[in-house]
Amino acid sequence: MAVASTNAWKVDIEETLQNAIRNEFKSSMPIFRDKENKIRGNQFAIIKGDNSVSDNNMFTRVSNAYNLTLDFFMLDRLRNENTVKKFFKTISRLEETIYSVMEIVPTYKPEVSSISYDDDLINGYRTATFNITIRSVR
């Protein structure tokens with residue numbers, strides 16, 4: 001008999017994070033799960049699940065970590081002080097939402113390893129890339 005398996009990280013973490021961002025931003029920022037960056041509007045985010053690591057040390061616990069990337073894109077043709085402020089305000093809200101996942105699912109500990117910013121990587125878009133590690137200790 002074949003056994004069907006699912007990626008629990010994808011269901012538990014990616015969907016929880018996607019729903020948390022949707023709840024925070026409502027319809028002002030669509031969020032997608034995809035492996036490629038495709039232009040999808042003036043402001044959007046893409047979640048990419050990178051990999052999961054299991055460390056079975058046979059002692060007191062098995063700790064797991066799931067690495068993912070969140071790419072945020074904002075079209076900025078004006079290139080003025082107000083649009084830069086709006087960009088970093090949105091980045092701050094995104095980071096706060098990522099950390100709120102800990103409150104939603106208390107068994108997970110999210111950690112933003114790094115945030116890298118790029119200006120005009122893709123034709124007029126400001127981008128921010130969040131490298132996120134989410135740990136679970138069973």
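Nothing fancy with the numbering, it's 1 onward along the sequence.
- Residues satisfying the side-chain hydrogen bond (donor to acceptor under 3.5 Å, both in side chains) criterion with Asn80, sequence neighbours excluded, are Thr83.
- A distance of 9.5 Å separates CG of Asn23 from OG1 of Thr97, quoted to the nearest 0.5 Å.
- Residue pairs meeting the salt bridge (charged side-chain N to carboxylate O under 4.0 Å, His left out) criterion with at least one partner in residues 65-84, sequence neighbours excluded, are Lys48-Asp71, Asp76-Arg126, Arg79-Asp119, Arg79-Asp120, Glu81-Lys85.
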Assess whether side-chain contact (heavy atoms from CB on, under 4.5 Å) is satisfied between Met29 and Ile21, documenting all intermediate values. CA-CA 8 Å; Met29 182 172 53; Ile21 293 171; 3.9 Å; yes

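- Nearest heavy-atom pair, Tyr125 versus Leu75, reported as atom, atom and distance to 0.1 Å: CD2-N, 3.5 Å.
- Residues forming a side chain to side chain contact (heavy atoms under 4.5 Å, CB included) with Arg22 (at least two apart in sequence, or on another chain): Gln18, Asn19, Ile31.
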Donor-acceptor contacts under 3.5 Å from residues 88-95 side chains, at least two apart:
{"unit_1": "Thr90", "atom_1": "OG1", "unit_2": "Lys86", "atom_2": "O", "d": "2.9"}
{"unit_1": "Arg93", "atom_1": "NE", "unit_2": "Glu24", "atom_2": "OE2", "d": "3.1"}
{"unit_1": "Arg93", "atom_1": "NH2", "unit_2": "Glu24", "atom_2": "O", "d": "3.0"}
{"unit_1": "Arg93", "atom_1": "NH2", "unit_2": "Glu24", "atom_2": "OE2", "d": "3.1"}

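- Counting all heavy atoms, side chain and backbone alike, Thr133 lies closest to Ser113 at OG1-OG, 3.4 Å.
- For the ring-ring contact (aromatic ring centres under 6.0 Å, His included) test, residues two or more places apart in sequence or in another chain that qualify with Phe87 are Phe72.
- Residues forming a salt bridge (charged side-chain N to carboxylate O under 4.0 Å, His left out) with Lys38 (at least two apart in sequence, or on another chain): Asp34.
- Qualifying ring-ring contact (aromatic ring centres under 6.0 Å, His included) partners for Phe44, counting only residues two or more places apart in sequence or in other chains: Phe73.
- The shortest heavy-atom contact between Arg135 and Ala65 is NH1-CB, 3.5 Å.
- Looking at Glu111 and Tyr99, their side chains never bring a donor and an acceptor atom within 3.5 Å of each other.
- For the side-chain contact (heavy atoms from CB on, under 4.5 Å) criterion with Ile47, the lone passing option out of Ile13, Leu17, Ile132 is Leu17.
- Remark: Asn131 pairs with Ser114 by the side-chain hydrogen bond (donor to acceptor under 3.5 Å, both in side chains) rule, at least two apart or across chains.
- Heavy atoms only, all atoms of each residue included: Ala45 and Leu70 are closest at CB-CD1, 4.0 Å.
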